[in-house]
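Note that this is a predicted model, so its numbers are computed, not measured. Every heavy atom of this structure was used, including side-chain atoms; hydrogens, water molecules and symmetry mates were not. Numbers here simply count residues along the sequence, with the first being 1.
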Amino acid sequence: MHDQPWTTAPLVAFDLEGTGSQDREHEAILEVGIVPLADGRPDMRSAYDSVVNPGRRIQRRPWSSPGLTNDVLGLAPRLDAVEPELAGRLNGATVVGHNVNVDWRLLSLRCPGIHPASLIDTLKLARLVHGNAQRRSLTALLAYYGLDDEVTKPTGGQPHRALWDAVGAGLLLGALVRALPHGNSLTVTGLHDMAGVSLCDAEQTLPLF
């Protein structure tokens with residue numbers, strides 16, 4: 001299976017928004033976004049996203065995701081109600097995300113029953129493609145490849161919301177692969193060699209700069 005083209009593999013782009021690492025072991029998930037990739041592109045027909053009630057009031061911080069107010073969060077389902085949907089979509093899949101270790105660390109902490117097959121990091125792949133260039137954030141890379149509208153139109157959202165970032169990671173993966181010298185013949189094995197991240201390294205994160 002790993003010798004198949006990457007575009008035919010069961011890849012799922014994923015993002016979550018949390019309260020922030022300053023909360024340490026009390027960090028909570030506030031929103032999740034999942035979109036499977038079909039032929040290397042996000043399949044919006046099968047996308048899923050949900051705001052998550054953290055069970056407590058959240059202090060607003062400069063990096064807080066837009067729109068995730070306490071009023072909105074208070075009306076959302078709790079994580080235990082959302083987790084079965086996450087498990088059904090992520091278990092056994094190859095999960096794609098931008099700086100995916102950050103999201104996987106929190107997801108594995110809060111939902112230890114979820115077991116993806118592997119992780120693909122678009123930040124790691126971007127560093128391979130662009131070397132030491134300073135474009136590291138998801139929004140900067142999407143702007144560089146002219147993909148802003150392709151993310152915003154189908155999601156109706158904005159950066160730092162889970163579905164927007166998940167779709168953005170899925171689109172970015174395709175753009176980065178096409179930028180590789182032999183990207184059109186890339187296999188699943190090759191993609192993992194270049195951008196794979198160990199599930200066991202969930203506590204390690206890659207700095208953006």
Indicate every side-chain donor-acceptor pair of residues 67-80 with a distance under 3.5 Å to a residue at least two apart or in another chain.
from, atom 1, to, atom 2, distance (Å)
Thr69, OG1, Val72, N, 3.2
Asn70, OD1, Ile58, N, 2.7
Asn70, ND2, Ile58, O, 3.0

Next item on the list: In plain terms, say whether Asp39 and Arg41 are close enough for a salt bridge, that is, a side-chain N and a carboxylate O under 4.0 Å apart.
Entry: no

All heavy atoms of Pro116 vs all of Val95, minimum pair found to be CB-CG2, 3.6 Å

Check for me, please, whether Val35 and Val177 land in the same ILVMFWY cluster - side-chain distances under 4.5 Å, paths through other members count.
yes

Whether the Ser137 and Thr139 side chains hold a donor-acceptor pair (N or O, under 3.5 Å, no angle test) is what I'd like checked. yes

CG of Leu138 to CG of Asn99, rounded to nearest 0.5 Å, is 10.5 Å

To the nearest 0.5 Å, atom CZ of Arg105 lies from atom CG of Leu16 at 9.0 Å

dist Glu31:CD -> Asp165:CG (nearest 0.5 Å) comes out at 9.0 Å

Can you list the steps and then say if Asp15 with Glu17 is a side-chain contact (heavy atoms from CB on, under 4.5 Å)? CA-CA 7 Å; Asp15 184 82; Glu17 302 299 326; 2.8 Å; yes

- Item | Same apolar cluster (I L V M F W Y, side chains within < 4.5 Å links), Leu30/Trp164 | no

Take atom CZ in Arg60; do more than 12 heavy atoms of anything else shown fall under 6.0 Å from it? yes

Tell me, with the steps shown, if Ile114 and Asn91 meet side-chain contact (heavy atoms from CB on, under 4.5 Å). CA-CA 6 Å; Ile114 293 179; Asn91 280 349; 3.7 Å; yes

Shortest non-hydrogen pair, Ile29 vs Arg110, comes out as CD1-CB, 3.9 Å

One should read off an interatomic distance between Leu125 CG and Arg127 CZ, to the nearest 0.5 angstrom, of 12.0 Å

dist Glu85:CD -> Ser50:OG (nearest 0.5 Å) comes out at 9.0 Å

To the nearest 0.5 Å, atom CG of Leu119 lies from atom CG of Leu199 at 4.5 Å

Taking every heavy atom of Ala9 against every heavy atom of Gln4, the minimum-distance pair comes out as N-NE2, 3.7 Å

Verdict with supporting geometry, Leu191 and Leu173, side-chain contact (heavy atoms from CB on, under 4.5 Å)
CA-CA 10 Å; Leu191 182 60; Leu173 177 63; 4.0 Å; yes

Correct closest heavy-atom pair for Gly168 and Leu142 would be O-CD2, 3.5 Å

message = Please check: side-chain N/O of His115 versus main-chain N/O of Ala87, any donor-acceptor pairing under 3.5 Å?
response = no

Ring pair (Phe, Tyr, Trp, His ring centres under 6.0 Å) pairs touching residues 116-145, sequence neighbours excluded, are His130-Tyr144, His130-Tyr145

* Asked: Mind checking whether Trp104 and Leu86 sit in one hydrophobic cluster, side chains of I, L, V, M, F, W, Y counted as touching below 4.5 Å?
  -> yes

Applied to residues 12-57, the ring pair (Phe, Tyr, Trp, His ring centres under 6.0 Å) test, sequence neighbours excluded, yields none

Of all heavy-atom pairs linking Val32 and Ala162, the shortest is C-CB, 3.4 Å

Exercise. side-chain contact (heavy atoms from CB on, under 4.5 Å) between Ile120 and His192: does it pass, once the steps are laid out?
Worked result: CA-CA 7 Å; Ile120 296 293; His192 278 92; 3.8 Å; yes

| query | So, do Thr155 and Arg161 sit near enough that their side-chain heavy atoms are less than 4.5 Å apart? | reply | no

Looking only at heavy atoms, the pair that brings Ala28 and Pro54 closest together is CB-CB, 3.8 Å

Contact between Leu176 and Lys124 at the side-chain level, heavy atoms closer than 4.5 Å - yes or no? no

